[in-house]
A.B. asks: 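Take this structure first; my questions come after.
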Amino acid sequence: MRIKVRQALSAEQPLVGVTVSGWVRTRRDSKGFSFVEVNDGSCFKNLQAVVDHALPGADDLKDALTGSSVSIEGELVPSPAKGQKWELKATAFRLVGRADESFPLQKKGHTVEFLRTIPHLRARTNRLGSLMRVRSRMAMAVHGFFQQRGFAYVHTPIITASDCEGAGELFRVTTLDPASPPKGPDGAIDWSADFFARQSYLTVSGQLEGETLACALGDVYTFGPTFRAENSNTSRHASEFWMIEPEMAFCDLEGDMRCAEELVKHLVKTALEECPDELEFFNAYVDKGLLERLRFVAERPFARVSYTEAVEILLRCGRTFEFPVVWGENLQSEHERYLTEVHFKSPLTVYNYPKTAKPFYMRQNDDGKTVAAMDLLVPGVGEIVGGSQREERLDRLVAAMQAHGLDLESYGWYIDTRRFGSVPHAGFGLGFERLLMFVTGEGNIRDVIAYPRTPGHA
Ligand code: 4AD
Ligand code: MG
């Protein structure tokens, strides 16, 4: 019977007749037998197998180099070696697939830069393997959080004709021949001849469709890929990333902020509980302060400050930033990190941003200058959540859309939610990769997703 290394290492008693299959991490030969460290990806640790050279298949041991795949049958017995409770005393050895000396992941340590050149192999390292397991657990914890609260998981379109964020960072989707697109009488490209009979794009956010579904189902969330043709080559931006977007009917900014803070706390707690070996590894090799920071975050309430107060803090702090602090403009990454890392030393929600810095759909506050927006900032990463209460008043929404130069006719479906039983509602987007950077201490978004897409790299 095949068992996973994870099951073997947590066994309560010795087992007979079990098979462990995986990839050789290292092999040490001694007189008459060899020690083979096998990792099958099911957990951080390897299982050591002791293979007698007289066993069936043992002739192939010499070819079982690092990276080779093997199936080893045997008995799970208490291990005399320190640091491991069990080892596999082999009764049969099978070399499944050879890997020769050219396998790039030999025992020595590798730089993350080198690992990025082999995305198809790097999940076999402790670092990326751990990341992928944490990523999987975190995805399920996202679903657990919302399902437990009665939210419906909805799927919003990936191909869309609208630009939710209005930032124009869209990837075009077309089947027209780039060399000779059909043209109208005025010489411009005739998009009505394109596949969807209009210009279409990969989505930057499922929010607008999510709002319409929240106005039917109450509380909904999406969890899917989003795309941004943002030409910013930073350690925090990817062109393709995953976003979690809850949308809640009968909810205001206060409820929105609370939900985001509870979600982030829940995810941090789950990681601490369910991925202890992986987090120990990241704490030891990637970010020495990780565990201390995560425990702090799991226990303490997050700080909150209005945008206006945040600007005052930044203006008073005596630092010179690369970008000047100006009321009315979005906070830059360096400002956000100063607030969360230096001033508050805690995750921080900033709310009530100037309306000039934000998209059309955010609810206007009575001061006439700000909107009911919020961003959640965390130490080491900066913004991980962006959200708002939505403008539910028809006249205000239409005025804001006109001010942003949107074509009202093509957003008629969105405006309908305000015409038929409009309700106060709110939501946010949590960047899944940013969350993973926070939970693992990884400093670059390229190392928290299996196949990163960034400008110039697909
Ligand atoms: O702040 P953003 O742009 O907000 C929205 O898209 C809203 N429509 C969400 C909503 O209210 N439903 O993006 C939300 C989050 C950011 O806080 C960040 O964590 C992540 O998405 N994000 C990115 N992550 C990686 N690479 C990028 N290029 C990202 N852009 C945004
Ligand atoms: Mg944002």
Side-chain angles (χ1 to χ4, degrees), residues 138 142 146 151 154 156 160 162-171 202-214 219-248 251 253 255-257 259-260 263-264 267 307 329-333 335-336 340 347-351 353 357-363 371-378 380-391 414 425-439 442 444-449 452-455 457:
M138 290 294 91
V142 165
F146 288 114
F151 283 60
V154 298
T156 49
T160 168
S162 47
D163 179 4
C164 172
E165 293 304 294
E169 294 162 344
L170 302 154
F171 286 102
L202 295 179
T203 187
V204 296
S205 161
Q207 178 195 320
L208 302 186
E209 294 89 349
E211 282 185 55
T212 66
L213 297 170
D219 295 330
V220 302
Y221 69 105
T222 68
F223 185 179
T226 36
F227 307 86
R228 296 203 184 172
E230 197 175 356
N231 205 354
S232 40
N233 226 325
T234 78
S235 56
R236 292 173 182 76
H237 289 86
S239 316
E240 175 178 309
F241 63 97
W242 284 64
M243 188 154 53
I244 295 123
E245 295 187 274
E247 194 67 35
M248 298 162 280
C251 180
L253 183 67
D256 201 35
M257 295 195 282
C259 182
L263 172 62
V264 169
L267 295 175
Y307 167 89
E329 290 184 16
N330 251 323
L331 298 177
Q332 297 292 326
S333 175
H335 307 143
E336 296 176 339
T340 174
L348 167 70
T349 307
V350 182
Y351 60 92
Y353 281 76
K358 292 291 181 186
F360 71 93
Y361 52 73
M362 295 188 175
R363 191 176 198 278
V371 286
M374 62 99 169
D375 276 3
L376 175 53
L377 319 176
V378 296
V381 183
E383 177 190 341
I384 60 169
V385 167
S388 71
Q389 184 172 340
R390 319 307 188 189
E391 183 55 80
Y414 179 73
H425 62 289
F428 62 83
L430 167 67
F432 192 47
E433 283 75 17
R434 301 257 179 108
L435 181 272
L436 288 168
M437 290 173 71
F438 181 57
V439 165
E442 283 290 1
N444 197 308
I445 199 162
R446 290 162 183 79
D447 302 321
V448 296
I449 185 164
R453 270 80 178 97
T454 54
H457 292 274

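When a ligand or atom number is given, it counts from 1 through the structure's own listing order.
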A.B. asks: Any N or O of A238 that comes nearer than 3.5 Å to an N or O of ligand 1?
C.D. replies: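 The answer is yes, given that A238 and ligand 1 share an N or O pair closer than 3.5 Å.
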A.B. asks: Tell me the protein heavy atom at minimum distance from atom 20 (C) of ligand 1, and give that distance in Å.
C.D. replies: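 Its nearest protein heavy-atom neighbour is G431 CA, 3.6 Å.
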A.B. asks: Within ligand 1, which atoms have a heavy atom of E165 less than 4.0 Å away?
C.D. replies: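 This gives 3 (O), 4 (O), 5 (C), 6 (O), 7 (C), 8 (N) as the contact atoms.
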A.B. asks: Counting each atom of ligand 1 from 1 as listed, which ones have a heavy atom of M243 under 4.0 Å away?
C.D. replies: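 Within the 4.0 Å cut-off of M243, ligand 1 contributes 6 (O), 13 (O), 14 (C), 15 (C), 21 (O).
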A.B. asks: Does V204 reach ligand 1 with a nitrogen or oxygen that is under 3.5 Å from one of the ligand's nitrogen or oxygen atoms?
C.D. replies: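 Min N/O separation from ligand 1 is not below 3.5 Å for V204.
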A.B. asks: Side chains of C259 and M248: closer than 4.5 Å at any heavy-atom pair?
C.D. replies: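 Yes, their side chains come closer than 4.5 Å.
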A.B. asks: Considering the heavy atoms of R236, write down every atom of ligand 1 situated less than 4.0 Å from one of them.
C.D. replies: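 Near R236, meaning under 4.0 Å from one of its heavy atoms, ligand 1 has 25 (C), 26 (N).
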A.B. asks: Could you enumerate the protein N, O or S atoms under 2.8 Å from the Mg ion (ligand 2), written like residue then atom name?
C.D. replies: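 Within the sphere that stays under 2.8 Å of the Mg ion (ligand 2), the protein atoms of type N, O or S are E383 OE2.
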A.B. asks: Show the atoms of ligand 1 that are less than 4.0 angstrom away from any heavy atom in V385.
C.D. replies: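 By the 4.0 Å cutoff, the relevant atoms are 17 (O).
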A.B. asks: So is I445 in contact with ligand 1, going by heavy-atom distances below 4.0 Å?
C.D. replies: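 Under 4.0 Å: yes for I445.
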A.B. asks: Give the single entry among F241, Y221, F438 that approaches atom 22 (N) of ligand 1 most closely by any heavy atom.
C.D. replies: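 Result: the heavy atom closest to atom 22 (N) of ligand 1 is in F241.
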A.B. asks: Using a plain distance cutoff, I'd like to know if S205 has any nitrogen or oxygen under 3.5 Å from a nitrogen or oxygen of ligand 1.
C.D. replies: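 N/O-N/O distance under 3.5 Å: yes.
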A.B. asks: In the protein, which heavy atom is nearest to atom 15 (C) of ligand 1, and how far is it?
C.D. replies: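 Here the nearest protein heavy atom works out to G429 O, 3.6 Å.
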A.B. asks: Under the rule for side chain to side chain donor-acceptor pair (under 3.5 Å), what residues qualify as partners of R228, not counting sequence neighbours?
C.D. replies: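 Testing R228 for side chain to side chain donor-acceptor pair (under 3.5 Å), a comparison that skips the adjacent residues, returns none.
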A.B. asks: Could you list which atoms of ligand 1 come closer than 4.0 Å to a heavy atom of R390?
C.D. replies: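 The list of qualifying atoms is 10 (C), 11 (O), 12 (N).
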A.B. asks: For ligand 1, which atoms, with element, lie under 4.0 Å from some heavy atom of E230?
C.D. replies: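 This gives 28 (N) as the contact atoms.
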A.B. asks: If the cut-off is 4.0 Å to any non-hydrogen atom of G386, which atoms of ligand 1 fall inside it?
C.D. replies: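 It comes down to these atoms of ligand 1: 1 (O), 9 (C), 10 (C), 11 (O), 17 (O).
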A.B. asks: What atoms of ligand 1 come within less than 4.0 Å of a heavy atom belonging to Y361?
C.D. replies: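 Under 4.0 Å from Y361, ligand 1 has these atoms: 7 (C), 8 (N).
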A.B. asks: Tell me the nearest of R228, H237, M374, E433 to atom 6 (O) of ligand 1, using heavy-atom distances.
C.D. replies: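 It is R228 that holds the nearest heavy atom.
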